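Down below is the structure, laid out as structure tokens.
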There are 2 protein chains.
Amino acid sequence: MGQNSVIPKRCRGRPQIRPDEETLELVVEAAAAEFQANGYASATMCNVAQRAGISTKTMYRLIPRKADLFKKVISDRIGQFMLQVDPAELDKYDLADAMERMLVSFGSLTLSEETIALLRLVIGESERFPELAAAFHEIAVVQTTNAMAGWLERQCRRGALKIDNPVLSASALRGMMTMDLQRSAMLGLAAAPTPDEIRARAKFCAGLFLNGCQSAGE
Amino acid sequence: MGQNSVIPKRCRGRPQIRPDEETLELVVEAAAAEFQANGYASATMCNVAQRAGISTKTMYRLIPRKADLFKKVISDRIGQFMLQVDPAELDKYDLADAMERMLVSFGSLTLSEETIALLRLVIGESERFPELAAAFHEIAVVQTTNAMAGWLERQCRRGALKIDNPVLSASALRGMMTMDLQRSAMLGLAAAPTPDEIRARAKFCAGLFLNGCQSAGE
DNA sequence: TATTTTGGAAAACGGCAAGTTTCTAAATCA
DNA sequence: TGATTTAGAAACTTGCCGTTTTCCAAAATA
């Protein structure tokens, strides 16, 4: 039985150049480029096939609908959005440094060229593909917010922070860190920020979040 | 000369039902609804004419290209984005209240159904219409940020705040106030927030911005 | 070599939507 | 009333694109 699945059952006729899975992978990569370059409506299946270096016939055998191809492109890429927050690792640093590091991770994730292109596509097509919008939100927003909120809560238990609503605080933190940078990039008005820019903004946001900016108390 | 321009020069033939300007206004409103409902690519000129209650012939006489119609819809609506920050008015309140009020104004502006629909359109079509993206950014982002930054700077001069970079701080403040709410709405996952929700978030953000959340100093 | 299976190029098909045109009715002046 | 000008409905043209199909060369087995 193990042998059956390993040994390729050679049959008559011209053999496939690649297994279908590999060809499909080529198609999905080509489609990602095409959709990102032109958006859903203006992307054409002919272009996708050309980018992939195969004929439309072969492409349609593997993935018969444009809408399905789009869904596959998006959902394959949504999986990248896991924000790794390792509390034990972060505990090695003092509070401000730890928060800064968390924000750098988060910023690098959400401000990459690829993420921004993906988000632009999902927003633009959220009417036509609401299930993609929901999936994106669940993974890229809810889960990363929860990861940050969990870390905040941990700091509260340690007595380092005093927060009533960690989820709300995490949401605010995300917003101050990435909103403007992400939107400028989505609108095509700025390149995705460099690591240095991300670090600088993380440092600023950590300071603001922890200390506020009121001069009265100082 | 004044009379010449006031007296309508009646000429032979069937008179227009409305002056062209009014008809064009109908078209633009109809187009706004159509674009918001379907996006640029899926909106059809036939639907626009139907919504406006006119024929395609009349519509094309007034605005010959779909792309031009889209530009007109968007740029007509970009003008609404002036954030009014009246320092004299805000000075009547204490710092936290004043900031809360400013954030409520800002939130009401940027989190309305209409603004969110507009932003979604601009983002989705920023490849095809980069000049619209640039105009939107200048008016809706740069100018409102500057208005907020100006107010922050004023508070610094009064000694109420201590801020190195008011523009960066304003950007952070905007982000924490609106990012998540706006994105959920843009993705179609939540309705635009109610005035109560906006007020609550403004209060939270003002507190966080002014005081931070570190418990060590308390 | 004959048969079988595969992939590619390109034509064909069908529908849709941008933009045009034709035809007719309405409304006004001479 | 007749000439003139305009609006609108609907048919039409045109071209694009998703999808299917045809035809043929390549590559394997028997």
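Predicted model only: the values in this text are computed from it and were never measured. Lettering follows sequence order; numbering is per chain, from 1. Below, each value reflects all heavy atoms present in this structure, side chains not excepted, and no hydrogens, waters or symmetry copies.
- Rounding to whole angstrom units, CD1 of residue Ile54(A) and P of dT6(C) are separated by 15 Å.
- Residue Thr58(B) places at least one side-chain N or O closer than 4.0 Å to OP1 or OP2 of dG8(D).
- What separates CE of Met59(A) from P of dC17(D) is a distance of 13 Å, to the nearest Å.
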- Query: Does the salt bridge (Lys or Arg N to Asp or Glu O under 4.0 Å) test come out yes or no for Arg101(B) and Glu89(B), once each step is laid out?
  - Reply: CA-CA 10 Å; Arg101(B) 282 168 183 270; Glu89(B) 159 74 14; 5.2 Å; no

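- By the ring-ring contact (aromatic ring centres under 6.0 Å, His included) test, Phe136(A) pairs with Phe81(A), sequence neighbours left out.
- In this model, the phosphate group of dG7(C) is approached by a side-chain N or O of Arg61(A) to a distance below 4.0 Å at OP1 or OP2.
- Across the protein-nucleic acid pair, Leu26(A) atom CG and dG7(C) atom C1' stand 14 Å apart, rounded to whole Å.
- Listed by first and then second residue, the ring pair (Phe, Tyr, Trp, His ring centres under 6.0 Å) pairs that reach into residues 103-123 of chain B come to none, sequence neighbours excluded.
- The distance between atom CD1 of Ile17(A) and atom P of dA28(D), rounded to the nearest whole Å, is 10 Å.
- For Arg61(B), the salt bridge (Lys or Arg N to Asp or Glu O under 4.0 Å) test picks out Asp20(B), with sequence neighbours left out.
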Set out, line by line, the N/O atom pairs under 3.5 Å between protein and nucleotides 18-20 of chain C.
unit_1: dA18(C); atom_1: OP1; unit_2: Ala43(B); atom_2: O; d: 3.0
unit_1: dA18(C); atom_1: OP1; unit_2: Lys66(B); atom_2: NZ; d: 3.1
unit_1: dA18(C); atom_1: OP2; unit_2: Met45(B); atom_2: N; d: 2.8
unit_1: dG19(C); atom_1: OP1; unit_2: Arg65(B); atom_2: NH1; d: 3.0
unit_1: dG19(C); atom_1: OP2; unit_2: Lys66(B); atom_2: N; d: 3.2
unit_1: dT20(C); atom_1: O4; unit_2: Thr56(B); atom_2: OG1; d: 3.3

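- Protein atom CG of Asn47(A) is 10 Å distant from nucleotide atom C1' of dC17(D), rounded to whole Å.
- Lys72(B) meets the salt bridge (Lys or Arg N to Asp or Glu O under 4.0 Å) test with Asp76(B); sequence neighbours excluded.
- Rounding to whole angstrom units, CD of residue Gln50(A) and C1' of dC17(D) are separated by 13 Å.
- Applying the ring-ring contact (aromatic ring centres under 6.0 Å, His included) rule to Phe70(A) yields the partners Phe35(A), Tyr40(A), Phe129(A); only residues at least two apart in sequence or on another chain are considered.
- When rounded to the nearest whole Å, the span between CD1 of Ile63(A) and P of dG18(D) equals 14 Å.
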